[in-house]
Amino acid sequence: MGAWGFQAFENDDALDWLEDLEAGGSDIVRQSLNAVADGYIEAPDGSVAVAAAEITAAAQGNPHGDFPEDVATWVTAHGAELTADDVQLALTAVERVGGEESELAELWDEADEPEWKDSLDELAERLRAALG
């Protein structure tokens, strides 16, 4: 796992994905959230889904606050394209990435880093707040 921290953008997979985000807009966010909709979730897909969920929360006015500059710029330019349906999709994705069928959850559990799970819970709360 190429990660140096537990936050959404503190890993290689999420940072590599930002290049796709710049090129593809909101459809890339939806594709990344849908990629973890069923089955076992590989760590790279989980990392990207968490990053996409963070972007979705930020687009609804509930940002984490610790974004790379290009993410904040993207949210300003494209955030309005993400809807309440996308927020629900993001919430489901976060719950699945933190669940039993997730390699990323297994890796963070093995690393004994409860802050990762706490960060997912906090993200889920911000997404729920966006749903009202």
Side-chain angles (χ1 to χ4, degrees):
M1 179 167 58
W4 52 91
F6 60 87
Q7 298 296 336
F9 297 99
E10 294 179 337
N11 64 80
D12 292 332
D13 295 315
L15 292 182
D16 291 346
W17 174 76
L18 291 179
E19 293 176 25
D20 294 337
L21 179 68
E22 290 293 325
S26 59
D27 286 340
I28 297 298
V29 173
R30 288 182 195 99
Q31 288 171 11
S32 300
L33 296 171
N34 278 314
V36 299
D38 56 28
Y40 184 77
I41 303 167
E42 299 293 333
D45 289 338
S47 293
V48 167
V50 170
E54 278 290 0
I55 287 171
T56 304
Q60 302 300 313
N62 294 314
H64 178 270
D66 235 2
F67 280 152
E69 187 174 325
D70 50 345
V71 173
T73 301
W74 188 93
V75 168
T76 300
H78 301 281
E81 299 168 19
L82 297 172
T83 67
D85 288 341
D86 297 317
V87 175
Q88 185 60 56
L89 184 62
L91 181 57
T92 301
V94 168
E95 291 169 349
R96 292 213 68 245
V97 169
E100 294 180 11
E101 291 189 63
S102 169
E103 181 182 26
L104 196 58
E106 292 169 9
L107 292 170
W108 282 109
D109 189 47
E110 288 172 13
D112 196 27
E113 292 286 345
E115 296 89 354
W116 178 78
K117 183 68 169 129
D118 292 344
S119 72
L120 285 188
D121 292 344
E122 192 266 337
L123 171 56
E125 284 303 313
R126 286 187 284 116
L127 290 165
R128 283 187 198 97
L131 289 172

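For this chain, numbers begin at 1 and follow the sequence in order.
- For Glu19, the CD atom sits in a loose shell: 12 or fewer heavy atoms of surrounding residues, nucleotides or ligands are nearer than 6.0 Å.
- For the residue pair Glu103 and Pro44, the shortest heavy atom distance occurs at OE1-CD, 4.4 Å.
- Nearest approach of Ser47 to Ala14, heavy atoms of both residues: O-CB, 4.3 Å.
- Distance CH2/Trp108 to CD/Glu113: 5.5 Å, rounded to 0.5 Å.
- At least one donor-acceptor pair under 3.5 Å links the side chain of Arg96 to the backbone N or O of Gly39.
- Between Arg126 and His64, some side-chain heavy-atom pair lies under the 4.5 Å cut-off.
- Thr56 places a side-chain N or O within 3.5 Å of a backbone atom of Ala52 that can act as its donor or acceptor partner.
- For the residue pair Ser102 and Val97, the shortest heavy atom distance occurs at OG-O, 2.6 Å.
- By the rule that hydrophobic residues join a cluster once side-chain heavy atoms approach within less than 4.5 Å of another member, Trp17 and Phe6 end up as members of separate clusters.
- Between the CG atom in Asp13 and the CD atom in Glu42 there is a gap of 11.0 Å [rounded to 0.5 Å].
- Each of Leu123 and Val29 belongs to its own hydrophobic cluster when Ile, Leu, Val, Met, Phe, Trp and Tyr are linked at side-chain heavy-atom distances under 4.5 angstrom.
- Closest non-hydrogen pair, Leu89 versus Asn34, comes out as CD1-OD1, 3.3 Å.
- Remark: the Asp86 side chain and the Thr83 side chain contain an N/O donor-acceptor pair separated by less than 3.5 Å.
- Taking 4.5 Å as the limit, every side-chain heavy atom of Ile28 sits out of range of all side-chain heavy atoms of Trp74.
- Proximity of Ile41 to Leu104: side-chain heavy atoms (C-beta onward) are nowhere separated by under 4.5 Å.
- Arg30 and Ser26 are linked by a side-chain donor-acceptor pair at a separation below 3.5 angstrom, with hydrogens and angles left out of the test.
- In this pair, Phe9 and Phe67 present their aromatic rings perpendicular. The plane angle is above 60°, beyond the 30 to 60° band.
- Looking only at side-chain heavy atoms (C-beta outward), Pro63 and Val75 stay at 4.5 Å or farther from each other.
- For the pair Val36 and Val48, the minimum side-chain heavy-atom distance is 4.5 Å or more.
- Looking at every heavy atom in both residues, Leu107 comes nearest to Ala43 through CD1-CB, 3.9 Å.
- Look at Arg128 and Glu122 and you find no salt bridge, because none of the NZ, NE, NH1 or NH2 atoms lies under 4.0 Å from a carboxylate O.
- Under the 4.5 Å side-chain heavy-atom criterion for grouping Ile, Leu, Val, Met, Phe, Trp and Tyr, Leu127 is not connected to Leu33 through any hydrophobic cluster.
- Looking at Ile55 and Leu21, their side chains come closer than 4.5 Å, going by heavy atoms from C-beta outward.
- The nearest pair of heavy atoms linking Gly98 to Leu120 is CA-CD1, 3.6 Å.
- With Asn11 contributing its side chain and Ala8 its backbone, the two residues share a donor-acceptor pair below 3.5 Å.
- Following chains of ILVMFWY side-chain contacts shorter than 4.5 Å, one can reach Val50 starting from Leu131, so the two form part of one hydrophobic cluster.
- Side chain of Gln7 to backbone of Trp116: no donor-acceptor contact under 3.5 angstrom is found.
- The closest side-chain heavy-atom distance from Leu18 to Val71 is below 4.5 Å.
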